[in-house]
Amino acid sequence: MKFPPVEEQMAVIERGIVDLVDRQALQARLELSRTEGRPLRVKFGIDPSSPDIHLGHTVPLRKLRDFQRLGHRVIVLWGTATAMVGDPSGRNKTRPALTREQVEQNKQTYRAQVGAVLDIANIEERENGEWFLRQSFMDCIALASRYTVARMLERDDFQKRYKERQPIAVHEFLYPLLQGWDSVELCCDIEIGGSDQLFNLLVGRDLQAQSNQTPQICLTMPLLEGLDGSQKMSKSLNNSIGVAESASQQFGKLMKVPNELLAKYFLLLTDTPTAVVEPLVQNPLEAKFALAAAIVTGFHGNDAAMAARAEYDRVHQRGGLPDELPEWSPNQDTRRTADGRVALPTGIAAAGLAPSTSDARRLIQGSGVRVDGVVCTDVNAAFGQGTYVVQVGKTRAARWIIRD
RNA sequence: GGGCGGAUUCCAGAGCGGCCAAAUGGACCAGACUGUAAAUCUGGUGGCUCAGCCUUCGCAGGUUCGAAUCCUGCUCCGCCCA
């Protein structure tokens, strides 16, 4: 196995990172790996606790890919056991517990999505259920005895919650120990995580040292803010861009990234060199197009990215229609007016363009609804036999086919 | 085990007998503007057969002409003492 010179490796590794504990040890270990021809074992734990991966998750995954390209051994550790405990990092609430079935299901969908970033044929996949699901309660006690309450409470998340009188369940104290123990089981050289993971990663060092292993190097990546520009990207906050979303969805959402965040998105989600990014960001619109194209190409290929761009131009810059226009026709349950026509609010709700008739009415009154391209503000409008294109806002539209 | 405090619409958080579908902020949606689905500004955000009607303020009862607001019990949660 041939590895690039340490200097070169360091440059790749350090791009975009937050913490590195510690830098000298990393250099030394890279040196050693080079002389011995031994790849370093780089672990990344994923708790399959929600069904989808978004761009925020891809930040550490991309760093793993860097390691993979440098020739090192990437270990993806599925937290099948830890997902059932729930990581307290960055949380102000206890996570809901998951069943084994949910975890297994999530893992399957995750796996496919991880493959969009990593060369999945070339990684080591493990599950911490391998050891934790077999251990006894006494093993758990033994593990718990390795750390003190005071040290746990040092942790920012816990301190905050404690001060704010939020509940902290006892099992949440166990989480960092489980994660740290994984590193012992896997003999990790390096562990990667989000910057909120630093505490957990450091616990791994302590446990490794106690087990006579060389403590792992801890490397953290920034947390990616979501489209709202302030909170961490998260599906439940509805500010995320999913890996599995369509090209046009991704493209559109990327155009929504706040201007201030552009440079960060480039740094963490693309390979574009900083020297190119800096001048580019001066023109936010162009930068956004470039960003969206780069990311969408990565997940869907060049053609899909071009098509998404073309659709964006048409829909948003010229007020045109999206590529895919769903069709809708009334059925027996659809309420009709006295003369047998379909009232506009009723139809909008029935066609799924708005959550309720009341909401549809408001949209109509707020001139957010167009029929065949013409704004309609008449709440009492109704349509008989024919075909109509009904648009709600810029992105929601349907072709109504009313046969009678 | 004892004492105290709390549960409000998507979230946070006002309201403490009628003026409450419920302040304010966030989030979200729509509109204007900008070759940005950014920023800024404006409007909206329980449902409906919609100038009216119906259902919401932890759950179940009760007092009252009238309750998110008062009383009783229950459930869940936080804090303090042991």
Side-chain angles (χ1 to χ4, degrees), chain A residues 91-94 96 158 160-169 225-241 245-266 280-293 295-296 308-322 333-350 352-370 374-382 390-397:
Chain A
R91 280 274 165 158
N92 52 14
K93 279 184 184 147
T94 307
F158 287 142
K160 244 190 237 155
R161 278 164 66 176
Y162 197 69
K163 279 187 192 142
E164 285 168 17
R165 309 190 154 180
Q166 294 292 320
I168 303 171
E225 287 89 351
L227 297 177
D228 57 34
S230 55
Q231 289 190 275
K232 183 176 141 182
M233 188 178 280
S234 136
K235 193 168 185 189
S236 54
L237 292 173
N238 198 17
N239 64 0
S240 68
I241 302 173
E245 288 182 47
S246 74
S248 66
Q249 275 176 312
Q250 287 182 342
F251 199 98
K253 285 188 179 181
L254 284 162
M255 292 304 288
K256 206 179 168 186
V257 171
N259 291 353
E260 303 73 61
L261 241 44
L262 278 171
K264 188 167 183 183
Y265 270 56
F266 268 110
L280 191 57
V281 173
Q282 299 309 309
N283 179 345
L285 181 58
E286 282 312 317
K288 244 178 235 191
F289 278 132
L291 177 73
I295 295 175
V296 174
R309 158 98 201 230
E311 181 178 1
Y312 176 85
D313 279 341
R314 194 173 65 249
V315 172
H316 296 285
Q317 307 203 316
R318 273 178 261 133
L321 292 168
D333 295 335
T334 312
R335 176 174 290 280
R336 307 284 191 129
T337 58
D339 55 355
R341 296 180 303 159
V342 177
L344 188 55
T346 315
I348 288 173
L353 299 171
S356 68
T357 359
S358 298
D359 203 53
R361 285 169 163 273
R362 287 181 216 116
L363 288 163
I364 294 165
Q365 283 164 344
S367 56
V369 173
R370 276 173 294 167
V374 180
V375 174
C376 175
T377 52
D378 179 10
V379 181
N380 296 312
V390 179
Q391 284 172 274
V392 176
K394 280 178 186 154
T395 45
R396 282 169 286 166

Could you identify the nucleotide paired to [N], looking across every strand shown and requiring Watson-Crick or G-U wobble geometry with both distances under 3.5 Å?
{"N": "B:rC20", "result": "none"}
{"N": "B:rA14", "result": "none"}
{"N": "B:rA67", "result": "none"}
{"N": "B:rA39", "result": "none"}
{"N": "B:rC76", "result": "B:rG6"}
{"N": "B:rU34", "result": "none"}

In whole Å, measure the gap between the [atom1] atoms of [N] and [M] for me.
{"N": "B:rA22", "M": "B:rU56", "atom1": "C1'", "result": "10 Å"}
{"N": "B:rA67", "M": "B:rA60", "atom1": "C1'", "result": "16 Å"}
{"N": "B:rC16", "M": "B:rG35", "atom1": "P", "result": "50 Å"}
{"N": "B:rA82", "M": "B:rU63", "atom1": "C1'", "result": "39 Å"}
{"N": "B:rG17", "M": "B:rG66", "atom1": "C1'", "result": "8 Å"}
{"N": "B:rU69", "M": "B:rC57", "atom1": "P", "result": "9 Å"}
{"N": "B:rA38", "M": "B:rU55", "atom1": "P", "result": "40 Å"}
{"N": "B:rA23", "M": "B:rA14", "atom1": "P", "result": "14 Å"}

Taking for each residue the nucleotide of RNA chain B bearing the nearest heavy atom, is the 5' side occupied by A:Lys288 or by A:Arg361? A:Lys288

According to salt bridge (charged side-chain N to carboxylate O under 4.0 Å, His left out), who are the partners of [X], at least two apart in sequence or on a separate chain?
{"X": "A:Arg396", "answer": "none"}
{"X": "A:Asp339", "answer": "A:Arg341"}
{"X": "A:Lys394", "answer": "none"}

Ranking B:rG47, B:rU36, B:rG35 by distance to the side chain of A:Arg309, first place goes to B:rG35

Nearest-Å distance for atom pair [atom1]/[atom2], residues [X] and [N]:
{"X": "A:Leu344", "N": "B:rU49", "atom1": "CG", "atom2": "C1'", "value": "16 Å"}
{"X": "A:Gln282", "N": "B:rU36", "atom1": "CD", "atom2": "C1'", "value": "16 Å"}
{"X": "A:Asn380", "N": "B:rU49", "atom1": "CG", "atom2": "C1'", "value": "12 Å"}
{"X": "A:Glu286", "N": "B:rG35", "atom1": "CD", "atom2": "C1'", "value": "9 Å"}
{"X": "A:Arg362", "N": "B:rU45", "atom1": "CZ", "atom2": "C1'", "value": "6 Å"}
{"X": "A:Ile364", "N": "B:rU45", "atom1": "CD1", "atom2": "C1'", "value": "16 Å"}
{"X": "A:Asp313", "N": "B:rU36", "atom1": "CG", "atom2": "C1'", "value": "11 Å"}
{"X": "A:Phe289", "N": "B:rA37", "atom1": "CZ", "atom2": "C1'", "value": "11 Å"}

Contact letters for nucleotides 22-30 of chain B, in which S counts primed atoms plus P, OP1 and OP2 and B counts the base, heavy atoms under 4.0 Å: -------SS

Can you tell me whether the side chain of A:Thr357 and the base of B:rC50 have a donor-acceptor pair closer than 3.5 Å? no

Calculate, to the nearest 0.5 Å, the distance between atoms CG and CG belonging to A:Leu227 and A:Leu254 respectively. 7.5 Å

Mind checking what makes side chain to side chain donor-acceptor pair (under 3.5 Å) contact with A:Glu311, not counting sequence neighbours? none

Using the salt bridge (Lys or Arg N to Asp or Glu O under 4.0 Å) rule, collect all pairs that involve residues 251-260 of chain A, keeping only residues at least two apart or in two chains. A:Glu245-A:Lys253

